[in-house]
Amino acid sequence: MTQVLESAHAVGAFTGQHIIAEVKGVKAKRLNDELLLRDIMVSALAEAGATVLDVTSKRFDPQGVTVLVLLSESHASLHTYPEIGSAFMDVFTCGHRADPEHAARLIADRLKAPVLQLKTIQRGIQ
């Protein structure tokens, strides 16, 4: 294990933040609107300093949407459950340029979520 850590230092120290979040109390119509959710994700991530490379999404029948965003810094995802008024997201960024917690808070705000539960996990070498 020590050898793996030593070789990581030779290339450069990695650091990142991984945000795991859940929003509750969101109107089902918002959580089922694929285009709105794509727009919310892209704009919030960009505003938080992330570089969006690609976006893919899928609306499920009869309800629910998944949005995946490939970032230069890593990735973000949103999975909605309109039937319970909830969405689950994660935002993982490496480096210090992007602020994934700010992105998660912006997404929750734009979803008009009255409840946001958020956990930050530090990744890599701090």
Side-chain angles (χ1 to χ4, degrees):
M1 183 71 110
T2 302
Q3 186 146 7
V4 172
L5 291 176
E6 287 172 7
S7 65
H9 283 290
V11 175
F14 169 83
T15 184
Q17 288 187 323
H18 197 160
I19 305 302
I20 307 296
E22 180 176 345
V23 294
K24 297 178 181 179
V26 180
K27 292 187 188 253
K29 185 175 180 177
R30 295 183 76 69
L31 294 177
N32 233 7
D33 188 332
E34 183 178 358
L35 293 178
L36 173 69
L37 295 170
R38 288 173 65 104
D39 288 345
I40 285 173
M41 292 286 287
V42 168
S43 65
L45 289 159
E47 190 173 324
T51 306
V52 175
L53 300 176
D54 199 8
V55 182
T56 189
S57 60
K58 169 70 175 156
R59 186 180 183 291
F60 296 95
D61 186 23
Q63 59 197 358
V65 175
T66 291
V67 180
L68 302 173
V69 183
L70 177 64
L71 304 173
S72 182
E73 298 80 9
S74 194
H75 73 275
S77 66
L78 180 71
H79 308 278
T80 73
Y81 295 84
E83 66 274 22
I84 60 171
S86 294
F88 304 92
M89 73 177 103
D90 76 302
V91 183
F92 180 32
T93 63
C94 58
H96 299 286
R97 189 173 104 77
D99 183 344
E101 184 174 327
H102 183 56
R105 291 185 187 285
L106 287 171
I107 293 165
D109 185 56
R110 292 172 186 174
L111 286 172
K112 300 181 180 175
V115 176
L116 168 63
Q117 297 172 327
L118 185 139
K119 179 177 181 178
T120 301
I121 302 166
Q122 299 299 322
R123 301 283 188 175
I125 300 167
Q126 304 302 314

### Side chain proximity check, M89 to H79, heavy atoms < 4.5 angstrom
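Result no, sub-4.5 Å side-chain heavy-atom pair not found.
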
### Task
With sequence neighbours excluded, give me every salt bridge (Lys or Arg N to Asp or Glu O under 4.0 Å) pair touching residues 87-105.
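For residues 87-105: E73-R97, E101-R105.
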
At their closest point, which heavy atom of [X] faces which heavy atom of [Y], and how far apart are they?
| X | Y | answer |
| --- | --- | --- |
| R123 | F92 | CG-CE1, 3.6 Å |
| R38 | S57 | NH1-OG, 2.8 Å |
| P82 | Q63 | CG-CB, 4.1 Å |
| V26 | A113 | CG2-CB, 3.6 Å |
| A44 | I107 | CB-CG1, 3.5 Å |

Nearest 0.5 angstrom please: [X] [atom1] to [Y] [atom2], how far?
| X | Y | atom1 | atom2 | answer |
| --- | --- | --- | --- | --- |
| I20 | S77 | CD1 | OG | 8.0 Å |
| T120 | L118 | OG1 | CG | 5.0 Å |
| L31 | E34 | CG | CD | 13.5 Å |
| L111 | L37 | CG | CG | 6.5 Å |
| D33 | R59 | CG | CZ | 9.0 Å |
| I40 | L35 | CD1 | CG | 11.0 Å |

### Query
Does R110 reach the main-chain N or O of L36 with its side chain, forming a donor-acceptor pair under 3.5 Å?
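No: the side chain of R110 does not pair with the backbone of L36.
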
### Task
Say whether, by atom type as modelled, one donor and one acceptor occur between the side chain of T66 and the main chain of K58 under 3.5 angstrom.
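Side chain of T66 to backbone of K58: no pair is present.
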
In the single-linkage hydrophobic clustering (I, L, V, M, F, W, Y; side-chain heavy atoms under 4.5 Å), do [X] and [Y] co-cluster?
| X | Y | answer |
| --- | --- | --- |
| L106 | V69 | no |
| V55 | L45 | yes |
| M41 | L116 | yes |
| V52 | L78 | yes |
| V42 | V91 | yes |

### Query
Taking the inter-plane angle between the rings of H75 and H18 on a 0 to 90° scale, is it parallel (under 30°), tilted (30 to 60°) or perpendicular (over 60°)?
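Ring orientation of H75 relative to H18: perpendicular.
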
